Each structure stands twice: as C-alpha cells, then as structure tokens.
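Report on the following structure.
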There are 2 protein chains.
Amino acid sequence: MTLKLDKVNRGPHLSTLVASSISREIAQGRLKPGDQLPTEQALATTFGVSRNVVREAIARLRSEGRIWSQQGRGAFVADAANATVLTIDYETLQRADSFRNLFELRGVLEVQIAALAASRRSDADIAAMEQALDGMRTAPYGSVAWLKNDLGFHRAVAEATQNPYMGQFLVFVSERVRESILAAGNQQKSDDMARTTLGEHERILAAIKAGDAKGASAAMTRHLAGAASRVGLPGGEASAKPASPARHSRLRKAVRGQAAG
Amino acid sequence: MTLKLDKVNRGPHLSTLVASSISREIAQGRLKPGDQLPTEQALATTFGVSRNVVREAIARLRSEGRIWSQQGRGAFVADAANATVLTIDYETLQRADSFRNLFELRGVLEVQIAALAASRRSDADIAAMEQALDGMRTAPYGSVAWLKNDLGFHRAVAEATQNPYMGQFLVFVSERVRESILAAGNQQKSDDMARTTLGEHERILAAIKAGDAKGASAAMTRHLAGAASRVGLPGGEASAKPASPARHSRLRKAVRGQAAG
DNA sequence: CTTGTCGTGTTATCATACAACCCTGATTGA
DNA sequence: TCAATCAGGGTTGTATGATAACACGACAAG
C-alpha cells in the first residue's frame with residue numbers, strides 16, 4: 001500500500017498563532033466590537049514575540065475586516081458585519097456535521113444554478129461543459145485530472161448563469177466540500193461509479209442544452225443525491241441502510257425540496 | 001442642507017498597496033500558480049519600501065491562500081483553488097451589474113433557506129424572528145435600527161435551517177448587497193414602503209411558523225421581488241415601467257423560477 | 001469660551017542583525 | 001564510479017531599535 005503521510009505540521013508562523021489567538025478572543029466575546037486592543041508593544045510582550053510579528057498578525061486581521069486600526073490611536077475590534085471576507089477555518093471543516101452542512105449548501109446553490117444556466121447558456125458555455133465532460137471520460141475515476149474536470153464542469157454550469165458570483169461562490173463551497181471529504185478520509189471507488197457519475201453529468205448537460213430549466217434542476221438534484229450516497233452521506237437514493245431514519249428523511253426532504261418544480 | 005463630506009480617503013497602508021499589486025499580478029496571469037515570487041528584498045527595493053512592509057503584504061496574501069512560502073526557499077503562487085477565503089473587493093462592488101448579480105445570488109440562497117427553515121424551525125427560531133420583526137415595527141423605515149432588525153430577521157430565518165453555513169453565507173452576501181446599495185447612493189423611502197415591507201416579512205414568518213415550505217418560498221420570492229423594485233431593480237412585480245423588456249423578463253423568469261414549487 | 005501649543009502615547013515605517021532553513025556543489029571516502 | 005558528508009550562499013523568519021506621522025488631552029494665552 002502507498003504511504004499515507006500526514007502533512008507535516010510544522011508549527012505555523014508566529015504571526016499566525018498571534019492572529020488566531022486574537023481572533024479567538026473576539027469570537028468568544030472577550031473582545032467586543034468597538035473595544036480597543038492592547039498596544040502592539042503590549043501584545044508583543046504578552047505573547048513573547050517581537051512587535052514585528054504582532055504587526056503581521058494585525059495586518060492579517062485587518063485584511064479580514066475583523067479589526068481596524070488608525071495611526072496614533074490604536075487598533076479596535078470591528079463590527080462582525082464588517083467582515084469583508086468569508087472564511088471557513090480548517091478546524092471546523094473537520095467536524096463531521098460540517099460536511100453534511102456544506103454539502104447541503106452546495107445543493108442549494110447548484111440546483112438553482114442549473115435552472116438559471118438552462119435559460120441563459122451561450123454556445124461557449126455549452127462548449128466548456130462538453131470539454132470538461134470529455135476530460136472526465138478520459139481520466140480515471142477519482143484521479144486528480146478527473147476531479148479537476150468534474151469541478152470544471154460545475155464551474156462551467158455556474159458561469160453559464162452569466163453571473164460571476166455564482167461561479168465564485170460555488171467553487172468556494174465545492175472546494176470546502178472536497179477538503180472536508182479528504183479530512184474524513186477514505187472512500188471506495190469503482191468503475192461503476194464512474195459510469196453512473198458520467199451519466200448524471202450528461203443528463204444535466206442535455207437539459208441545459210435544451211434550455212429546460214426544470215429538467216436541469218431535476219437532473220442536478222439527482223446528481224447530488226447520487227454524489228451524496230457515493231461519499232457515504234445518508235440521503236442518496238442508493239444508500240443501503242440509513243443510519244438514522246429521522247435524519248435520513250430530513251435530508252431527503254431537503255434535497256427533494258430543491259428539485260420541486 | 002447638511003454638509004455631505006466624503007469620508008476622507010487617507011491613502012491605505014503601504015502593505016495594502018503592495019498586497020493588491022501582487023494580487024493583481026496573479027489575477028491577470030502575469031504570475032501563474034507555481035511561480036516563485038521575487039525575494040522579499042527584491043520586492044522591497046522595486047516597490048521602494050522596507051522589507052517589513054513587504055512581509056506584511058505577504059502575510060496577508062498567505063492568509064488568503066493566494067501564496068505560500070517556505071523558509072529558506074521563497075514564496076510561490078498557490079493554486080487558485082486553494083484560496084481559503086472568499087472576498088469581493090470594494091472596486092468590483094461599485095460596478096453597476098455587481099448589484100444585480102449579488103441580489104440574484106441572495107435570492108438563490110434566501111428562497112431555499114426559507115423552505116428549509118419552514119421544515120426545521122424550532123421555537124427559539126420563531127422567537128428570534130418575531131423579536132426582529134418587533135424591532136422593525138418600532139424603528140423608522142430605513143434607519144440603522146431598522147436595517148439591523150431587517151438583517152436580523154433574515155439571519156434568524158437562515159439559522160432556523162440548523163445549518164450554520166446558511167446564515168454565514170447569507171449574511172455575507174446581504175452585507176455586500178447593502179454596501180453595493182450604499183455605493184449606488186440615493187434611494188427614496190416612504191412610510192408606504194415600511195408597511196409593505198413589514199407585511200412581506202410577516203407573511204414569510206407565518207408560512208415558516210406553519211411549517212409550509214412552499215408557502216415560505218413563495219412569500220420570500222414575493223418579498224425579494226418587492227425589495228428589488230424598492231431599490232430600483234427591474235424584476236420587481238411592482239416596478240412601474242421596465243427600462244428594458246428583455247432584461248426584465250429575464251430577471252423575472254429567474255426570480256419566478258426560484259419559487260417554482 | 002476659543003485657540004494655539006506642547007507633551008505623551010500609539011501606529012506606520014525603516015534599517016539592521018541574526019537564526020533557521022533550503023539548495024547546490026565540492027569534497028571525501030569507499 | 002558512486003554515495004555520503006559538509007561547507008557556503010541565498011532566502012525566509014524573527015528580534016531589536018529608531019524615526020516619522022498622527023491622535024489626544026492638558027494647559028496657557030487671548
């Protein structure tokens with residue numbers, strides 16, 4: 001078997017530690033919006049690092065919109081709503097329910113995106129989808145190239161909405177889903193899955209090509225349900241035995257609700 | 001009349017300038033993934049700043065996942081997919097179509113969120129929504145308090161899905177929409193609008209309370225259409241005269257497609 | 001009460017030095 | 001010939017000190 005090495009976790013930079021430490025203080029409410037942070041010098045001594053490191057940490061938090069600073073005055077905690085970036089930190093990604101929730105969010109986006117794409121797609125969009133599909137046909141299932149083309153297909157669908165934010169958000173969520181799959185670890189793959197997955201994609205493409213919004217939504221819903229079962233989530237129609245009936249029906253209802261139309 | 005002073009735009013920090021300069025190089029493809037950046041010293045001299053400033057800029061880009069660096073080797077451009085944050089920079093927010101696109105994205109999220117909320121809401125969620133609605137009743141239309149409670153209502157709906165990412169994403173998008181409204185500037189408000197808006201919210205709450213997913217989606221769709229017309233977007237049912245019939249129908253179809261159920 | 005000045009504290013930037021680390025190439029030993 | 005070892009230079013990471021720009025309050029002068 002191949003070696004399974006954990007990515008060596010060299011201690012992250014000091015500035016990262018300082019930044020997450022301050023970030024935690026804010027998240028846990030010990031630093032409220034409007035509060036003034038200690039001076040850079042004070043932070044440097046309390047953390048036992050140089051002022052330079054503190055400054056890098058603050059620069060980072062400032063770029064995230066968590067704090068703002070003014071020369072001669074100090075640094076202050078910003079309102080939570082002012083966060084200018086959306087980020088999902090690596091720790092929460094590894095929680096089990098993260099995966100399910102992210103997958104659901106992805107579904108919310110994808111199903112609607114498919115409908116919009118069907119009514120707005122251009123010829124170039126169709127070509128991009130077909131190219132991605134071709135890439136999936138030639139690459140082995142689950143390989144890097146396969147995954148790349150899989151994401152490429154969904155991105156092409158999103159871009160067919162002619163709304164750039166759709167693609168931006170979808171790719172972001174999809175990448176988090178992928179990371180969270182990797183965090184969960186193993187998943188078996190088979191040639192059967194490859195065929196099934198490809199077929200699902202082809203049906204999506206056909207509906208979009210035909211300009212059939214409802215059909216595209218439905219095809220995407222089926223694809224997501226299939227993908228869910230393939231990665232071991234309850235809610236996929238093909239899942240053998242749901243672990244918890246209650247949760248199962250809840251998820252299923254959710255997925256089906258998206259297809260309603 | 002009151003003075004209308006522009007917020008004095010003190011030049012941003014040098015590190016910000018450097019960071020966006022490098023960021024632009026990456027975005028425009030002059031720096032491709034895998035490429036090595038010039039050394040910190042070289043960047044410092046070319047930009048005419050100290051190495052410290054360059055380091056703050058790099059720390060920021062690293063935290064955004066745009067580049068990665070290793071001690072003793074250098075800094076390299078990361079794959080685009082590795083971006084760990086989702087950000088919409090202020091410049092693109094001010095483009096006219098940004099607003100329309102963001103609003104559409106918000107619609108995609110909200111309509112589905114309303115349906116999920118209707119089938120999963122707890123008593124505490126209902127209470128939170130009612131509290132926000134009360135806040136809107138007492139605050140003057142368009143005031144800060146009003147806006148806060150408006151956002152609070154939608155956030156409460158999102159949290160009723162029991163999926164934390166829904167709220168996180170929705171709040172993020174909503175804030176961008178709000179900023180983009182502010183960037184666009186003027187919009188008239190009337191007491192009439194206050195009553196209408198409140199009524200729309202109340203219908204959403206009623207449907208969620210009743211556990212009626214389809215009704216909640218429909219109510220949310222109507223609310224969004226109304227909101228669109230109130231901020232001057234074509235697509236709202238109440239908009240008097242659509243500027244461009246083609247675009248009008250396109251948006252309307254999109255909004256209606258989300259309600260299909 | 002208003003205005004101007006000054007001193008103190010803070011952030012922003014610069015400059016320099018050293019430590020930790022990677023890469024390369026020469027040297028050494030078998 | 002080949003592999004291991006080691007020295008050197010280059011790069012990032014961190015520390016330290018100094019200076020400039022700025023905010024704010026105290027205080028005196030009018």
Side-chain angles (χ1 to χ4, degrees), chain A residues 5-23 25-26 31-78 82 84, chain B residues 5-23 25-26 31 33-78 82:
Chain A
L5 295 177
D6 280 357
K7 195 183 309 179
V8 54
N9 202 355
R10 166 187 333 284
H13 301 159
L14 288 183
S15 61
T16 304
L17 295 179
V18 173
S20 30
S21 183
I22 297 176
S23 218
E25 296 294 304
I26 295 177
L31 278 175
K32 284 181 288 294
D35 284 0
Q36 179 165 11
L37 273 73
T39 69
E40 295 180 349
Q41 190 59 53
L43 287 172
T45 58
T46 63
F47 283 116
V49 299
S50 85
R51 201 184 136 218
N52 222 321
V53 169
V54 172
R55 278 196 61 77
E56 281 183 21
I58 287 185
R60 175 170 166 173
L61 294 176
R62 190 173 41 218
S63 89
E64 293 175 1
R66 291 192 150 87
I67 69 175
W68 58 276
S69 62
Q70 192 176 358
Q71 181 173 151
R73 287 230 295 160
F76 303 85
V77 180
N82 282 22
T84 160
Chain B
L5 296 176
D6 280 358
K7 194 184 310 177
V8 52
N9 199 357
R10 170 189 329 290
H13 301 159
L14 289 181
S15 61
T16 304
L17 295 178
V18 173
S20 30
S21 182
I22 297 176
S23 221
E25 295 294 303
I26 296 176
L31 278 174
D35 283 359
Q36 179 165 12
L37 273 74
T39 70
E40 295 179 351
Q41 191 59 53
L43 287 172
T45 59
T46 63
F47 283 116
V49 298
S50 86
R51 200 183 136 213
N52 222 320
V53 170
V54 172
R55 279 195 61 77
E56 280 184 22
I58 288 186
R60 174 170 167 173
L61 294 176
R62 190 172 40 220
S63 88
E64 293 175 359
R66 291 193 152 87
I67 68 176
W68 59 275
S69 60
Q70 192 176 358
Q71 182 171 151
R73 288 229 294 158
F76 303 85
V77 179
N82 283 22

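Sequence lines set the chain letters: A, B, ... in the order given, protein chains first and strands last, and positions in each chain run from 1. Nothing here was measured: the structure is a model prediction, and the numbers come from that model.
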Check: protein-nucleotides 4-9 of chain C nitrogen or oxygen pairs below 3.5 Å:
{"residue": "C:dG9", "atom": "N2", "partner": "A:Gly72", "partner atom": "O", "Å": "3.1"}

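The heavy-atom pair separating B:Ala19 from B:Ala57 by the smallest distance is N-CB, 3.7 Å. The minimum heavy-atom distance linking A:Phe76 with A:Leu37 is given by the pair C-CD1, 4.0 Å. In this structure, B:Ala44 and B:Ser50 approach most closely via the heavy-atom pair CB-C, 3.9 Å.
Residue B:Leu14 has its side chain nearest to C:dT13 when only C:dT13, D:dA23, D:dG13 are considered. Set against D:dA23, D:dT12, C:dC22, the side chain of B:Arg51 has D:dT12 as its closest nucleotide. Distances were taken from every side-chain heavy atom of B:Val53 (C-beta onward) to each of C:dC14, D:dG13, D:dA15; the shortest belongs to C:dC14.
Under the side-chain hydrogen bond (donor to acceptor under 3.5 Å, both in side chains) test applied with A:Arg51, the options A:Glu56, A:Glu40, A:Gln41 reduce to a single match, A:Glu40. Here the options are B:Val54, B:Ile58, B:Val53, the test is side-chain contact (heavy atoms from CB on, under 4.5 Å), and the partner is B:Ser15; only B:Val53 passes.
If you measure from atom CD of A:Glu40 to atom P of D:dG17, you get 16 Å, rounded to the nearest angstrom. The distance between atom CG of B:Leu43 and atom P of D:dT11, rounded to the nearest whole Å, is 11 Å. As a whole-Å value, the separation of B:Ile67 CD1 from D:dT11 P is 16 Å. One can place CG of B:Asn52 at 15 Å from C1' of D:dA20, the figure rounded to the nearest angstrom. In this structure, CD of A:Gln41 is placed 12 Å from P of D:dA15, rounded to the nearest angstrom. To the nearest angstrom, C1' of C:dA12 lies 8 Å from CD of B:Glu56. Atom CZ in B:Arg62 sits about 9 Å away from atom C1' in D:dT12, given to the nearest Å. Look at CD on B:Gln36: it is 9 Å from C1' on D:dT11, rounded to the nearest Å.
B:Ser50 has a side-chain polar atom (N or O) that falls below the 4.0 Å cut-off from OP1 or OP2 of C:dC14. In this structure, A:Ser69 reaches the C:dA12 phosphate: one of its side-chain N or O atoms is under 4.0 Å from OP1 or OP2. OP1 and OP2 of C:dA12 both lie 4.0 Å or more from every side-chain N or O belonging to B:Arg55. Side-chain nitrogen and oxygen atoms of A:Gln70 include at least one within less than 4.0 Å of the OP1 or OP2 phosphate oxygen of D:dA23.
One finds a salt bridge joining B:Arg60 and B:Glu64 here, because a Lys/Arg side-chain nitrogen approaches an Asp/Glu carboxylate oxygen to under 4.0 Å.
For the atom pair CZ of A:Arg66 and CD1 of A:Ile22, the computed distance is 11.5 Å after rounding to the nearest 0.5 Å.
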